[in-house]
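Convention: sequence-line order gives letters A, B, ...; per-chain numbering from 1.
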Amino acid sequence: MHWKIAYAQVKKIPRGRVMTYGQLAAAVKLPGGARSAGRAMAASPSGKGIPWHRVVGAGGRLLLREPNVWMQRRLLESEGVRVAERRILDFKMRQWLPVRKKRKA
DNA sequence: CATCTGACGACCG
DNA sequence: GCGGTCGCCAGAT
């Protein structure tokens with residue numbers, strides 16, 4: 001589907017930064033909103049270089065289920081993103097706003 | 001075509 | 001701060 005665009009956006013997420021499903025959905029204007037973003041990631045073809053692990057739930061929460069969340073956490077930590085069980089630490093700073101970022105210090 | 005399910009998000013207790 | 005519920009929308013069965 002047009003999930004391609006979602007993937008394209010995800011690929012733009014810089015290393016060590018994350019985006020929420022809601023943001024992603026809004027950024028590419030996915031019809032179903034955040035949920036569709038989630039579906040898109042769930043169906044994301046692995047091995048295509050899509051940093052799906054950089055897409056998290058609102059508030060920087062890891063919404064994946066048991067086995068996968070561990071991998072996501074590991075991938076994030078490998079990029080320097082600190083994670084506590086199911087939540088990204090310093091999410092506010094870690095969050096990446098497409099193009100018009102400019103987060104305050 | 002009816003129903004269920006879910007990698008969501010906002011609210012409420 | 002956390003868990004439970006409701007609302008939403010798109011796919012799958």
### Query
At under 4.0 Å between heavy atoms, what does R86(A) touch on the DNA or RNA strands: base, sugar-phosphate, or nothing?
nothing

note: E85(A), atom CD; dG3(C), atom P; distance rounded to Å ~ 12 Å

M19(A) atom CE is separated from dA7(B) atom C1', nearest whole Å, by 15 Å

| Under the 3.5 Å rule, do the base of dC9(C) and the side chain of R35(A) count as making a donor-acceptor pair? | no

Report yes if some heavy atom in the side chain of T20(A) is under 4.5 Å from a heavy atom in the side chain of F91(A); otherwise report no. yes

When rounded to whole Å, the CD1 to C1' distance for the pair I88(A) and dA7(B) reads 13 Å

Kindly say if R39(A) contacts the phosphate of dA7(B), meaning a side-chain N or O under 4.0 Å from OP1 or OP2.
-> no

Whole-Å distance, L62(A) CG to dA7(B) P, equals 14 Å

Comparing R87(A) with S36(A), nearest DNA chain C nucleotide closer to 5' gives the residue R87(A)

Considering only heavy side-chain atoms of T20(A), the closest of dA7(B), dA10(C), dG9(B) is dG9(B)

Reckon G33(A) touches a base, only the sugar-phosphate, or nothing at all at heavy-atom distances under 4.0 Å?
nothing

Here the distance between atom C1' of dG6(B) and atom OH of Y21(A), to the nearest Å, is 11 Å

To the nearest angstrom, the CG-C1' distance between L30(A) and dA10(C) comes to 11 Å

Q) Considering only heavy atoms from C-beta outward, does the side chain of L62(A) approach that of W70(A) to under 4.5 Å? A) no

Interatomic distance, CZ@R54(A) vs CG@L76(A), rounded to 0.5 Å, equals 8.5 Å

(message) What contact category does L64(A) fall into here, base, sugar-phosphate, or nothing, at under 4.0 angstrom with non-hydrogen atoms?
(response) base

Answer whether the closest heavy-atom distance between the side chains of V56(A) and R61(A) falls below 4.5 Å.
-> no

When every non-hydrogen atom of E79(A) is compared with those of G16(A), the smallest separation belongs to OE1-N, 3.1 Å

Using a 4.0 Å heavy-atom cut-off across all strands, classify A58(A) as base, sugar-phosphate, or nothing. sugar-phosphate

